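No hydrogens, no waters, no symmetry mates; every other heavy atom, side chains included, goes into these values. Small disclaimer: the values here were computed from a predicted structure and weren't measured.
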Amino acid sequence: MIASSGSFTEMAHAADLIQRRQRSEFLSSIKGTLFAAIKGNPELIPSILTLALNDAMTYDKATKSGGPNGSIRFSLEISRPENKGLSAALSLLEEAKKEIDSYSKGGPLSFADLIQSAAQSATKNTFLASAIRKCGGNEEKGNLVYTAYGSNGQWGLFDREFGRVDSQEPDPEGRIPQWEKASVQKMKDKFSAIGFGPRQLAVMSAFLGPDQLATESRLASDPDVLPWVQKYQRSRETVSQTDYEVDLITTLTKLSRLGQQINYEAYTYPVQRVDLSKLKL
């Protein structure tokens with residue numbers, strides 16, 4: 001019995017390692033596809049960020065419904081006033097999904113994972129672009145700076161939260177403000193409703209509209225948000241942007257799993273066994 005139990009444990013551990021490798025390899029491929037798609041369409045980065053934010057912030061703590069479940073893909077939801085102008089970003093991601101699904105061995109990528117992973121790629125794109133600008137536009141030096149001082153190592157938890165499940169219907173209306181028209185107090189209230197505060201509101205400024213500086217100017221009118229806006233503006237002036245990047249990654253990670261039950265076996269697939277008896281030696 002003891003020997004049998006040990007053998008079973010070893011097999012389960014081996015299977016777990018295989019699944020983790022499968023997910024890691026698939027995620028790496030997804031990142032490559034999305035990064036290339038976004039790099040070719042940089043004008044859609046603000047919309048991709050807002051798309052991910054609006055999909056996630058439908059979460060309602062009282063009913064445990066909504067959240068980053070891909071429901072924004074439905075025409076009834078993407079056509080709402082708060083999602084105006086986001087259709088082009090969604091279309092770009094849908095095209096990328098076709099390519100991703102074509103090489104996936106473990107089933108199609110969920111829209112929930114697609115949208116949040118795209119936000120990660122778009123965010124990385126902005127971090128890298130900032131490093132290149134600080135190197136006078138030299139891409140080689142910018143890439144080197146981002147690799148040396150960038151935030152790649154901070155994405156570990158985000159990458160593990162991979163296996164979100166799609167909703168099969170639009171989320172209820174009235175849960176998302178029109179960010180560009182909403183008062184700062186209304187934005188604070190919405191962030192508070194999902195467990196976030198002024199700090200998280202300030203660091204997510206790039207997700208709240210196409211003009212980050214204009215958004216921050218509005219946010220700075222509130223005494224609770226002002227210190228955080230100033231903190232992140234100062235951080236972005238540095239080479240490494242450490243405070244800004246780490247806090248943004250942390251906030252996006254929390255946002256991207258609100259109300260989600262992550263399926264940690266998603267995108268895994270059976271490995272074909274080799275029948276040793278049929279091998280010709």
Side-chain angles (χ1 to χ4, degrees), residues 42-62 66-68 72 77-78 80-86 88-89 115-116 119-120 122-127 129-131 133-134 151 154 171-256 258:
E43 73 283 358
L44 292 179
I45 287 177
S47 296
I48 291 170
L49 298 179
T50 305
L51 186 77
L53 178 72
N54 285 5
D55 191 46
M57 291 198 76
T58 57
Y59 178 64
D60 179 69
K61 289 174 68 175
I72 201 169
E77 191 166 332
I78 193 67
R80 292 172 185 168
E82 66 268 23
N83 296 323
K84 183 179 180 181
L86 303 183
I115 292 168
Q116 298 306 316
Q120 179 194 42
T123 301
K124 284 186 174 182
N125 198 299
T126 64
F127 291 168
S130 176
R133 283 196 303 272
K134 289 169 184 173
S151 53
Q154 299 293 329
D171 284 336
E173 292 187 69
R175 293 187 176 183
I176 306 292
Q178 294 185 52
W179 302 113
E180 293 180 64
K181 296 182 179 181
S183 67
V184 178
Q185 185 59 53
K186 187 170 184 178
M187 289 191 277
K188 286 170 62 179
D189 290 344
K190 178 57 188 176
F191 271 67
S192 177
I194 62 169
F196 289 169
R199 180 175 188 168
Q200 288 76 29
L201 175 58
V203 83
M204 295 294 286
S205 58
F207 288 66
L208 299 170
D211 188 337
Q212 184 176 16
L213 292 179
T215 299
E216 287 183 328
S217 179
R218 291 176 57 217
L219 294 176
S221 67
D222 186 281
D224 294 330
V225 189
L226 172 61
W228 297 107
V229 170
Q230 293 173 331
K231 174 185 175 71
Y232 296 129
Q233 288 178 340
R234 288 193 301 268
S235 179
R236 291 203 304 269
E237 292 173 359
T238 66
V239 173
S240 63
Q241 301 191 137
T242 302
D243 289 342
Y244 173 66
E245 291 190 4
V246 170
D247 283 4
L248 179 52
I249 292 166
T250 300
T251 302
L252 179 58
T253 299
K254 292 179 180 178
L255 184 79
S256 72
L258 287 172

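Considering CD1 of Ile115 and CG of Leu51, their distance stands at 5.0 Å, rounded to 0.5 Å. Taken from CH2 in Trp179 to CE in Met57, the straight-line distance is 4.0 Å, to the nearest 0.5 Å. The OG1 atom of Thr215 sits 12.0 Å away from atom CE of Met204, with the distance rounded to the nearest 0.5 Å. Here the NZ-OG1 distance, from Lys84 to Thr50, works out to 14.0 Å after rounding to the nearest 0.5 Å. Expressed to the nearest 0.5 Å, how far NZ of Lys254 lies from CD1 of Ile194 amounts to 11.0 Å. For the atom pair CG (Asn54) and CZ (Arg175), the distance works out to 13.5 Å, reported to the nearest 0.5 Å.
There is a side-chain donor-acceptor pair under 3.5 Å between Asp171 and Thr58. In the model, Ser151 has a side-chain atom that pairs as donor or acceptor with a side-chain atom of Glu245 under 3.5 Å.
Taking 4.0 Å as the cut-off between side-chain N and carboxylate O, Arg236 and Glu216 count as a salt-bridged pair.
Using a 4.5 Å heavy-atom cutoff, the side chains of Val229 and Asp222 are not in contact.
When atom types are taken as modelled, the side chain of Thr253 and the backbone of Ile249 share a donor-acceptor pair closer than 3.5 angstrom. Between the side chain of Thr251 and the backbone N or O of Leu248, no donor-acceptor pair lies under 3.5 Å. Looking only at distances, a side-chain donor or acceptor of Thr250 sits under 3.5 Å from a matching main-chain atom of Val246. Looking only at distances, a side-chain donor or acceptor of Lys134 sits under 3.5 Å from a matching main-chain atom of Thr238.
Residues Asn83 and Glu77 approach most closely at ND2-O, 2.7 Å, considering heavy atoms. Looking at every heavy atom in both residues, Ala214 comes nearest to Asp211 through N-OD1, 3.1 Å.
The aromatic rings of Tyr244 and Phe127 sit perpendicular, their planes meeting at an angle over 60°, well past the 30° parallel limit.
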*Go through Met187 and Leu219 one step at a time and tell me if the side chain to side chain contact (heavy atoms under 4.5 Å, CB included) criterion holds.*
CA-CA 9 Å; Met187 289 191 277; Leu219 294 176; 3.8 Å; yes
_Could you go through Phe191 and Lys188, starting from their C-alpha distance and side-chain angles, then the distance that decides it, and tell me whether this counts as side chain to side chain contact (heavy atoms under 4.5 Å, CB included)?_
CA-CA 5 Å; Phe191 271 67; Lys188 286 170 62 179; 5.9 Å; no
*asked:* side chain to side chain contact (heavy atoms under 4.5 Å, CB included), that's the test. Do Val203 and Phe196 meet it? Break it down for me.
replied: CA-CA 11 Å; Val203 83; Phe196 289 169; over 6 Å; no
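Under the side-chain contact (heavy atoms from CB on, under 4.5 Å) rule, Pro68 has a single partner from Leu258, Leu255, Leu53, which is Leu258.
Within a 6.0 Å sphere centred on NZ of Lys190, heavy atoms belonging to other residues, nucleotides or ligands number more than 12.
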